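The structure displayed is predicted, hence computed values, not measured ones.
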Amino acid sequence: IGNSRGTGWIEISSDGKIDIFAQDSVSIHTQQDFNFHAGRDINMEAERNINIKATGRNTESADGGGATPDTVGRIHVDAAGNLTTLVGGFKSTKVTKDVSTVIDGSERSHVKGDIEVTADKDYKLKANNVNTTSVKNTRIRSNDSTNISSKNFHRETAEDGKIEMN
């Protein structure tokens, strides 16, 4: 099936393959759900941008009743295996509410540049053990007071130097 100028066509092969071509845009609209299913892979490639947006304008739940604000306008990604993200430039994430991350295993990060963390309020770190290793210097600075509290034991050592306190 095609138009007279060849600028748009649909081809259905005898072995069940369907090819669609449009010299301009392809638009599909449905008033209900739009479902994709592949017995193998789903591959998408854009020579410019990929934009995905869930507006949350439809507040009807799947059973026809009302939906709660946290169930509309969401994007859910579920990977049964690994999830890899490769960003060739700058990555920016803005969250207008809280962030909660649960990792059942370990987390490892390798940053070749600096790491800067800014908290407008408190910064809390809690772990069974906190081990900090610096190749060069470790500096702790407070514009007000510094409190070090140990329930059982406190040790400060300088293997090749001295400890100064004033």
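- Annotation: side-chain contact (heavy atoms from CB on, under 4.5 Å) contacts of R5 (sequence neighbours excluded): N3, T7.
- By the neighbour-count criterion of 12 heavy atoms within 6.0 Å, atom CD1 of I42 is densely surrounded, having more than that number from other residues, nucleotides or ligands.
- Sorted by first and then second residue, the salt bridge (charged side-chain N to carboxylate O under 4.0 Å, His left out) pairs with a member in residues 114-133 form an empty list; sequence neighbours excluded.
- Annotation: the span from T132 atom OG1 to L125 atom CG amounts to 8.0 Å, rounded to 0.5 Å.
- In the hydrophobic clustering, where aliphatic and aromatic side chains (Ile, Leu, Val, Met, Phe, Trp, Tyr) are joined below 4.5 Å either directly or transitively, F21 groups with W9.
- Side-chain heavy atoms closer than 4.5 Å link hydrophobic residues (I, L, V, M, F, W, Y) into clusters, and following such links, possibly through other members, connects I50 to I75.
- With sequence neighbours excluded, the residues satisfying side-chain contact (heavy atoms from CB on, under 4.5 Å) with S13 are D15, K17.
- Scanning for ring pair (Phe, Tyr, Trp, His ring centres under 6.0 Å) contacts around F90 gives an empty result, with sequence neighbours left out.
- Counting only residues at least two apart or in different chains, ring-ring contact (aromatic ring centres under 6.0 Å, His included) contacts with residues 120-159 are absent.
- The shortest distance between side-chain heavy atoms of I10 and D19 does not fall below 4.5 Å.
- Residues that satisfy the side-chain contact (heavy atoms from CB on, under 4.5 Å) test with T55, not counting sequence neighbours, are K53, R57.
- Using a distance-only test at 3.5 Å, with no hydrogens or angles considered, a donor-acceptor pair links the side chain of T30 to the main chain of Q32.
- Of all non-hydrogen atoms in D41 and A38, the two that sit nearest each other are O-CB, 3.5 Å.
- The 12-atom threshold is not exceeded at CG of N128, counting heavy atoms of other residues, nucleotides or ligands nearer than 6.0 Å.
- Listed by first then second residue, pairs satisfying ring-ring contact (aromatic ring centres under 6.0 Å, His included) with a partner in residues 26-46 read F34-F36, not counting sequence neighbours.
- Counting only residues at least two apart or on different chains, the salt bridge (charged side-chain N to carboxylate O under 4.0 Å, His left out) pairs with a member in residues 142-165 are K162-E164.
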Donor-acceptor pairs are to be reported for all side-chain atoms of residues 96-113 against protein atoms at under 3.5 Å, with residues two or more places apart or in another chain.
none

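- With sequence neighbours excluded, no residue forms a side-chain contact (heavy atoms from CB on, under 4.5 Å) with I140.
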